Amino acid sequence: MKTLFILNDPPYGSERTYNALRLAGSLSQAQGEQVKLFLIGDAVACAKGEQKVPQGYYNVEVMLGRALRNGAEVGVCGTCIEARGLGEAELT
């Protein structure tokens, strides 16, 4: 089965991104699943490396990394990262 997630909410402040990454991480562990994520708009910040969050708070960089390690593919909108001042070297 193939699943595509398109995320455009910011990484924090909304449960949509958190829940999408939880589901993507779980699905990517299942045998025969192909998971792809596309980050657009404010969601491109999910791929920013070296995120620092308060202790006990979820970290979307870690959640995204878990999906990647399980074979998920992640695409990031180039225009969106440029508009937010992020360089490719800053991405996970």
Side-chain angles (χ1 to χ4, degrees):
M1 188 167 171
K2 296 179 183 182
T3 307
L4 170 64
F5 292 88
I6 300 173
L7 285 72
N8 77 345
D9 274 6
Y12 304 100
S14 167
E15 289 188 10
R16 289 184 193 139
T17 299
Y18 168 76
N19 286 323
L21 291 174
R22 278 188 344 146
L23 182 55
S26 293
L27 282 176
S28 64
Q29 292 177 343
Q31 189 170 359
E33 277 290 333
Q34 280 187 302
V35 176
K36 294 183 180 185
L37 296 104
F38 187 71
L39 309 177
I40 191 168
D42 288 338
V44 298
C46 294
K48 180 160 179 7
E50 300 181 31
Q51 294 182 24
K52 306 236 185 301
V53 297
Q55 186 174 2
Y57 204 70
Y58 66 91
N59 184 321
V60 295
E61 178 189 8
V62 171
M63 296 174 76
L64 188 61
R66 186 175 304 130
L68 283 166
R69 282 189 303 279
N70 291 330
E73 296 179 37
V74 178
V76 182
C77 174
T79 303
C80 297
I81 61 172
E82 286 178 11
R84 284 152 183 83
L86 296 172
E88 285 188 36
E90 296 177 80
L91 301 180
T92 297

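All residue numbers in this chain count up from 1 along the given sequence. Not measured: the values here are computed from a predicted model.
Smallest separation of non-hydrogen atoms from Gly25 and Asn70: O-ND2, 3.7 Å. Shortest non-hydrogen contact noted between Leu27 and Phe5 is CD1-CZ, 3.9 Å.
Residues passing the side-chain hydrogen bond (donor to acceptor under 3.5 Å, both in side chains) test with Ser26, sequence neighbours excluded: none.
One finds the CD atom of Glu90 at 9.5 Å from the CD atom of Glu50 (value rounded to the nearest 0.5 Å). Separating the CD atom in Gln51 from the CE atom in Met63 is a distance of 11.0 Å, to the nearest 0.5 Å. Distance CG/Leu37 to CG/Leu4: 8.0 Å, rounded to 0.5 Å. Note that the CD1 atom of Ile6 and the SG atom of Cys77 stand 11.5 Å from one another [nearest 0.5 Å]. Cys46 SG to Leu39 CG: the interatomic distance, rounded to the nearest 0.5 Å, is 5.5 Å. Rounding to the nearest 0.5 Å gives a distance of 11.0 Å between OG1 of Thr3 and NZ of Lys36.
Side-chain N or O atoms of Thr17 include one that pairs as donor or acceptor with a backbone N or O of Pro10 at under 3.5 Å. No donor-acceptor pair closer than 3.5 Å links the side chain of Arg22 to the backbone N or O of Tyr18.
Linking ILVMFWY side-chain heavy atoms closer than 4.5 Å, directly or via other members, places Val62 and Tyr12 in two distinct hydrophobic clusters. Ile40 is not connected to Leu64 by any chain of hydrophobic side-chain contacts under 4.5 Å among Ile, Leu, Val, Met, Phe, Trp and Tyr, and they are in different clusters. Hydrophobic clustering (ILVMFWY, side-chain heavy atoms < 4.5 Å, transitive): Val35 and Leu23 are in one cluster. Hydrophobic clustering places Leu91 together with Leu68 (ILVMFWY residues linked when any side-chain heavy atoms are closer than 4.5 Å, directly or through intermediates).
Residue pairs meeting the side-chain hydrogen bond (donor to acceptor under 3.5 Å, both in side chains) criterion with at least one member in residues 52-69, sequence neighbours excluded, are Glu61-Thr92.
Counting heavy atoms of neighbouring residues, nucleotides and ligands inside a 6.0 Å radius, atom NZ of Lys48 exceeds 12 of them. Within a 6.0 Å radius of CZ in Arg16, no more than 12 heavy atoms belonging to other residues, nucleotides or ligands are found.
Contact annotation: the side chain of Leu21 approaches that of Leu7 to within less than 4.5 Å [non-hydrogen atoms, C-beta and beyond].
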